[in-house]
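Here is the structure we will look at, set down as C-alpha coordinates.
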Amino acid sequence: MKPTTVTHLRQWKQEQRKFASLTAYDASFAKLFEEQGVKVLLVGDSLGMTLQGHDSTLPVTVADVAYHTRAVRRGAPACLLLADMPFMSYATPSLACTNAAELMQAGANMVKLEGGSWLCETVKMLTERAVPVCGHLGLTPQSVNVFGGYKVQGRDELAAKQLLEDAKNLELAGMQLLVLECVPSELARKITEELTIPVIGIGAGNATDGQILVMHDAFGITGGHTPKFAKNFLAQSGDIRSAVQQYMQDVEQGIYPAEEHSFN
Ligand code: KIV
(Lines give C-alpha, C1' and ligand atoms only; values in the text may rest on other atoms or scores of the structure.)
Protein backbone atom coordinates (compact mmCIF):
# COMPACT_ATOMS: atom_id res chain seq x y z
CA MET A 1 0.00 0.00 0.00
CA LYS A 2 1.31 3.47 -0.90
CA PRO A 3 1.97 5.62 2.18
CA THR A 4 -0.34 8.60 2.70
CA THR A 5 1.50 11.90 2.95
CA VAL A 6 0.55 15.46 3.76
CA THR A 7 0.72 16.15 0.02
CA HIS A 8 -2.27 13.84 -0.48
CA LEU A 9 -4.21 15.78 2.16
CA ARG A 10 -3.46 19.06 0.39
CA GLN A 11 -4.61 17.56 -2.88
CA TRP A 12 -7.86 16.34 -1.29
CA LYS A 13 -8.49 19.84 0.05
CA GLN A 14 -8.08 21.27 -3.45
CA GLU A 15 -10.41 18.62 -4.84
CA GLN A 16 -12.88 19.26 -1.96
CA ARG A 17 -12.66 15.56 -1.14
CA LYS A 18 -13.47 15.06 2.55
CA PHE A 19 -11.59 12.47 4.60
CA ALA A 20 -12.20 10.66 7.88
CA SER A 21 -9.53 10.00 10.46
CA LEU A 22 -9.45 8.25 13.83
CA THR A 23 -7.34 8.01 16.91
CA ALA A 24 -5.55 4.69 17.40
CA TYR A 25 -3.43 3.45 20.24
CA ASP A 26 -2.51 -0.15 19.44
CA ALA A 27 -1.38 -2.32 16.52
CA SER A 28 -4.58 -4.38 16.16
CA PHE A 29 -6.97 -1.46 15.76
CA ALA A 30 -4.44 0.42 13.65
CA LYS A 31 -4.24 -2.57 11.27
CA LEU A 32 -8.02 -2.86 11.10
CA PHE A 33 -8.40 0.89 10.42
CA GLU A 34 -5.76 0.83 7.68
CA GLU A 35 -7.34 -2.24 6.09
CA GLN A 36 -10.70 -0.46 6.02
CA GLY A 37 -9.12 2.48 4.19
CA VAL A 38 -8.55 5.06 6.94
CA LYS A 39 -5.60 7.13 5.73
CA VAL A 40 -4.84 9.33 8.75
CA LEU A 41 -4.40 8.11 12.33
CA LEU A 42 -3.60 10.04 15.49
CA VAL A 43 -1.98 8.69 18.62
CA GLY A 44 -3.82 11.21 20.76
CA ASP A 45 -3.01 12.14 24.31
CA SER A 46 -6.69 11.27 24.79
CA LEU A 47 -5.07 7.94 25.66
CA GLY A 48 -4.79 9.41 29.16
CA MET A 49 -8.57 9.11 29.40
CA THR A 50 -9.43 6.24 27.03
CA LEU A 51 -6.62 3.86 28.00
CA GLN A 52 -5.32 5.05 31.35
CA GLY A 53 -8.57 6.14 33.01
CA HIS A 54 -7.49 9.65 33.99
CA ASP A 55 -9.97 12.53 33.91
CA SER A 56 -7.73 14.68 31.69
CA THR A 57 -4.81 14.40 29.26
CA LEU A 58 -2.38 16.11 31.64
CA PRO A 59 -0.75 13.00 33.16
CA VAL A 60 0.29 11.63 29.74
CA THR A 61 4.05 11.54 29.08
CA VAL A 62 6.19 11.58 25.93
CA ALA A 63 7.19 7.98 26.74
CA ASP A 64 3.48 6.98 26.80
CA VAL A 65 2.82 8.53 23.38
CA ALA A 66 6.05 7.06 21.95
CA TYR A 67 5.09 3.57 23.18
CA HIS A 68 1.67 3.73 21.50
CA THR A 69 3.12 5.36 18.37
CA ARG A 70 5.48 2.41 17.90
CA ALA A 71 2.56 -0.02 18.23
CA VAL A 72 0.29 1.90 15.84
CA ARG A 73 3.07 2.26 13.28
CA ARG A 74 3.64 -1.51 13.30
CA GLY A 75 -0.08 -2.08 12.68
CA ALA A 76 -0.56 0.63 10.06
CA PRO A 77 2.65 1.12 8.08
CA ALA A 78 1.03 3.19 5.31
CA CYS A 79 -1.13 5.62 7.29
CA LEU A 80 -0.15 9.23 7.81
CA LEU A 81 0.55 8.97 11.53
CA LEU A 82 0.21 11.96 13.84
CA ALA A 83 1.45 11.84 17.43
CA ASP A 84 0.37 14.22 20.16
CA MET A 85 2.99 16.15 22.07
CA PRO A 86 1.82 15.86 25.68
CA PHE A 87 1.24 18.61 28.23
CA MET A 88 4.41 20.69 28.88
CA SER A 89 6.50 18.66 26.42
CA TYR A 90 6.74 21.69 24.10
CA ALA A 91 6.85 24.48 26.67
CA THR A 92 9.99 25.84 24.99
CA PRO A 93 11.19 25.43 21.39
CA SER A 94 14.24 23.39 22.38
CA LEU A 95 12.19 21.08 24.64
CA ALA A 96 9.81 20.63 21.72
CA CYS A 97 12.67 19.58 19.43
CA THR A 98 13.97 16.97 21.87
CA ASN A 99 10.52 15.48 22.50
CA ALA A 100 9.37 15.66 18.88
CA ALA A 101 12.50 13.72 17.88
CA GLU A 102 11.44 10.89 20.20
CA LEU A 103 7.96 10.72 18.64
CA MET A 104 9.30 10.89 15.07
CA GLN A 105 11.79 8.12 15.85
CA ALA A 106 8.90 6.08 17.27
CA GLY A 107 7.26 6.21 13.83
CA ALA A 108 5.20 9.40 13.67
CA ASN A 109 5.06 11.38 10.43
CA MET A 110 3.97 14.57 12.15
CA VAL A 111 3.54 15.90 15.69
CA LYS A 112 0.49 17.74 17.01
CA LEU A 113 0.73 20.73 19.37
CA GLU A 114 -2.07 22.56 21.16
CA GLY A 115 -2.01 26.35 21.19
CA GLY A 116 -2.11 29.65 19.33
CA SER A 117 0.36 32.22 18.06
CA TRP A 118 2.73 31.74 21.02
CA LEU A 119 3.75 28.50 19.27
CA CYS A 120 4.94 30.16 16.05
CA GLU A 121 8.62 30.08 17.00
CA THR A 122 8.32 26.40 17.97
CA VAL A 123 6.49 25.49 14.76
CA LYS A 124 9.15 27.25 12.70
CA MET A 125 11.98 25.56 14.58
CA LEU A 126 10.44 22.08 14.27
CA THR A 127 9.59 22.49 10.59
CA GLU A 128 13.08 23.74 9.76
CA ARG A 129 14.47 20.67 11.52
CA ALA A 130 12.33 18.28 9.43
CA VAL A 131 9.47 17.74 11.87
CA PRO A 132 6.10 18.45 10.24
CA VAL A 133 3.61 20.09 12.58
CA CYS A 134 -0.14 19.80 13.00
CA GLY A 135 -1.68 22.59 15.08
CA HIS A 136 -4.66 22.18 17.40
CA LEU A 137 -6.93 25.16 18.14
CA GLY A 138 -10.29 25.74 19.79
CA LEU A 139 -10.97 23.48 22.73
CA THR A 140 -7.42 22.37 23.50
CA PRO A 141 -7.87 19.76 26.24
CA GLN A 142 -4.45 20.38 27.82
CA SER A 143 -5.76 23.85 28.75
CA VAL A 144 -8.80 22.50 30.60
CA ASN A 145 -7.73 24.22 33.81
CA VAL A 146 -7.35 27.56 32.05
CA PHE A 147 -10.74 27.21 30.35
CA GLY A 148 -12.43 26.04 33.57
CA GLY A 149 -13.84 22.94 31.86
CA TYR A 150 -14.31 21.40 28.42
CA LYS A 151 -16.12 24.32 26.78
CA VAL A 152 -16.85 25.33 23.20
CA GLN A 153 -14.36 28.03 22.12
CA GLY A 154 -14.60 31.00 19.73
CA ARG A 155 -18.23 31.77 20.47
CA ASP A 156 -17.91 35.57 20.68
CA GLU A 157 -16.59 37.88 17.99
CA LEU A 158 -13.30 38.66 19.70
CA ALA A 159 -12.48 35.03 20.46
CA ALA A 160 -13.42 34.00 16.91
CA LYS A 161 -11.17 36.71 15.47
CA GLN A 162 -8.30 35.55 17.69
CA LEU A 163 -8.70 31.93 16.58
CA LEU A 164 -8.64 32.91 12.90
CA GLU A 165 -5.55 35.06 13.50
CA ASP A 166 -3.81 32.23 15.39
CA ALA A 167 -4.57 29.81 12.56
CA LYS A 168 -3.13 32.18 9.96
CA ASN A 169 -0.02 32.96 12.03
CA LEU A 170 0.67 29.27 12.59
CA GLU A 171 0.24 28.51 8.90
CA LEU A 172 2.74 31.26 8.11
CA ALA A 173 5.15 29.76 10.65
CA GLY A 174 5.06 26.43 8.80
CA MET A 175 2.13 24.45 10.23
CA GLN A 176 1.01 21.89 7.63
CA LEU A 177 -2.25 20.62 9.13
CA LEU A 178 -4.72 21.93 11.71
CA VAL A 179 -7.16 20.25 14.09
CA LEU A 180 -10.07 22.47 15.15
CA GLU A 181 -11.94 21.19 18.19
CA CYS A 182 -15.33 22.34 19.49
CA VAL A 183 -15.82 25.65 17.74
CA PRO A 184 -18.96 26.99 16.06
CA SER A 185 -19.47 25.52 12.57
CA GLU A 186 -19.42 28.91 10.82
CA LEU A 187 -16.08 29.84 12.37
CA ALA A 188 -14.64 26.46 11.33
CA ARG A 189 -15.92 27.05 7.80
CA LYS A 190 -14.23 30.47 7.68
CA ILE A 191 -10.90 29.16 8.99
CA THR A 192 -11.02 26.20 6.56
CA GLU A 193 -11.67 28.54 3.65
CA GLU A 194 -8.99 31.04 4.61
CA LEU A 195 -6.17 28.53 5.17
CA THR A 196 -4.41 26.77 2.32
CA ILE A 197 -3.50 23.81 4.55
CA PRO A 198 -6.04 21.06 5.33
CA VAL A 199 -8.21 21.49 8.43
CA ILE A 200 -9.56 18.53 10.40
CA GLY A 201 -12.56 19.11 12.62
CA ILE A 202 -13.94 17.49 15.75
CA GLY A 203 -17.08 19.16 17.03
CA ALA A 204 -16.50 21.86 14.38
CA GLY A 205 -19.30 21.17 11.92
CA ASN A 206 -19.04 19.56 8.51
CA ALA A 207 -17.32 22.31 6.49
CA THR A 208 -13.78 21.31 7.47
CA ASP A 209 -11.64 19.30 5.02
CA GLY A 210 -11.52 16.25 7.25
CA GLN A 211 -12.96 14.89 10.47
CA ILE A 212 -11.43 13.06 13.38
CA LEU A 213 -13.05 11.03 16.15
CA VAL A 214 -11.61 9.39 19.22
CA MET A 215 -12.09 5.72 18.30
CA HIS A 216 -13.88 4.98 21.58
CA ASP A 217 -16.46 7.68 20.73
CA ALA A 218 -17.01 6.16 17.27
CA PHE A 219 -17.77 2.80 18.89
CA GLY A 220 -19.85 4.12 21.79
CA ILE A 221 -17.51 2.88 24.49
CA THR A 222 -16.81 6.26 26.06
CA GLY A 223 -17.33 5.86 29.79
CA GLY A 224 -19.46 8.57 31.43
CA HIS A 225 -20.07 11.76 29.45
CA THR A 226 -20.51 11.41 25.67
CA PRO A 227 -19.60 14.60 23.79
CA LYS A 228 -22.32 16.21 21.62
CA PHE A 229 -20.23 15.72 18.47
CA ALA A 230 -19.71 11.99 19.05
CA LYS A 231 -21.65 9.37 17.14
CA ASN A 232 -21.79 5.66 17.88
CA PHE A 233 -21.31 4.09 14.45
CA LEU A 234 -21.12 0.61 15.95
CA ALA A 235 -24.72 0.82 17.18
CA GLN A 236 -26.08 1.14 13.65
CA SER A 237 -23.53 -1.09 11.92
CA GLY A 238 -23.22 -4.06 14.24
CA ASP A 239 -19.55 -4.82 13.70
CA ILE A 240 -16.38 -2.78 13.91
CA ARG A 241 -15.37 -3.00 10.25
CA SER A 242 -18.80 -1.88 9.04
CA ALA A 243 -18.81 0.90 11.65
CA VAL A 244 -15.52 2.24 10.29
CA GLN A 245 -16.86 2.01 6.73
CA GLN A 246 -20.05 3.85 7.74
CA TYR A 247 -18.07 6.59 9.50
CA MET A 248 -15.82 7.10 6.45
CA GLN A 249 -18.75 7.11 4.06
CA ASP A 250 -20.77 9.56 6.17
CA VAL A 251 -17.81 11.94 6.40
CA GLU A 252 -17.01 11.70 2.69
CA GLN A 253 -20.64 12.44 1.82
CA GLY A 254 -20.96 15.28 4.34
CA ILE A 255 -23.66 13.40 6.31
CA TYR A 256 -21.57 13.30 9.48
CA PRO A 257 -21.29 15.51 11.44
CA ALA A 258 -24.93 16.58 11.21
CA GLU A 259 -26.48 19.66 12.86
CA GLU A 260 -27.09 17.70 16.05
CA HIS A 261 -23.33 17.04 16.39
CA SER A 262 -22.34 20.67 15.80
CA PHE A 263 -22.22 23.98 17.67
CA ASN A 264 -23.75 27.17 16.35
O1 KIV B 1 -5.96 13.52 21.88
C2 KIV B 1 -6.76 13.36 20.96
O3 KIV B 1 -7.34 12.30 20.75
C4 KIV B 1 -7.06 14.52 20.13
C5 KIV B 1 -8.25 14.46 19.24
C6 KIV B 1 -9.46 14.72 20.05
C7 KIV B 1 -8.16 15.38 18.09
O8 KIV B 1 -6.37 15.50 20.18
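In each ligand, atom 1 is the first atom listed, and ligand 1 is the first ligand listed.
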Q) Hey, mind stepping through Ser89 and Asn99 against side chain to side chain donor-acceptor pair (under 3.5 Å) and telling me if it holds? A) CA-CA 6 Å; Ser89 67; Asn99 289 321; 4.6 Å; no
(Q) Does this structure show an ion pair linking Lys31 with Glu35, if we count only N-O contacts that are shorter than 4.0 Å? (A) yes
Q | Minimum-distance protein heavy atom relative to atom 6 (C) of ligand 1 | A | Ile202 CD1, 3.7 Å
Q: Distance to 0.1 Å, residue and atom name: give those for the protein heavy atom nearest to atom 2 (C) of ligand 1.
A: Ser46 OG, 3.3 Å
Q. Are Glu186 and Arg189 ion-paired here, with the side-chain N under 4.0 Å from a carboxylate O?
A. yes
Q.
With heavy-atom distances below 4.0 Å as the criterion, list the atoms of ligand 1 near Lys112.
A. 4 (C), 8 (O)
Q | Parallel, tilted or perpendicular, as decided by the 30° and 60° cut-offs, for the rings of Trp12 and Phe19 | A | tilted
Q.
Assigning hydrophobic clusters by single linkage (Ile, Leu, Val, Met, Phe, Trp, Tyr; side-chain heavy-atom cutoff under 4.5 Å), is Tyr256 placed with Ile221?
A. yes
Q: Run the contact test for His136 against ligand 1 with a 4.0 Å cut-off on heavy atoms, strictly below, and give the result.
A: yes
(Q) Within the 4.0 Å heavy-atom shell around Thr23, which atoms of ligand 1 are there? (A) 3 (O)
Q. Which class fits the ring pair His68 and Tyr25: parallel under 30°, tilted 30 to 60°, perpendicular over 60°?
A. perpendicular
Q. Which of the numbered atoms in ligand 1 are below 4.0 angstrom from a heavy atom of Gly44?
A. 1 (O), 2 (C), 3 (O)
Q: Mind checking whether Thr57 contacts ligand 1 via backbone (N, CA, C, O), side chain (CB onward), both or neither, at a 4.0 Å heavy-atom cut-off?
A: neither
Q.
Taking the basic N atoms (NZ, or NE/NH1/NH2) and the acidic carboxylate oxygens, is any pair closer than 4.0 Å for Glu128 and Lys124?
A. yes
Q.
Within ligand 1, which atoms have a heavy atom of Leu42 less than 4.0 Å away?
A. 2 (C), 3 (O), 4 (C), 5 (C), 7 (C), 8 (O)
Q. Which of the numbered atoms in ligand 1 are below 4.0 angstrom from a heavy atom of Asp45?
A. 1 (O)
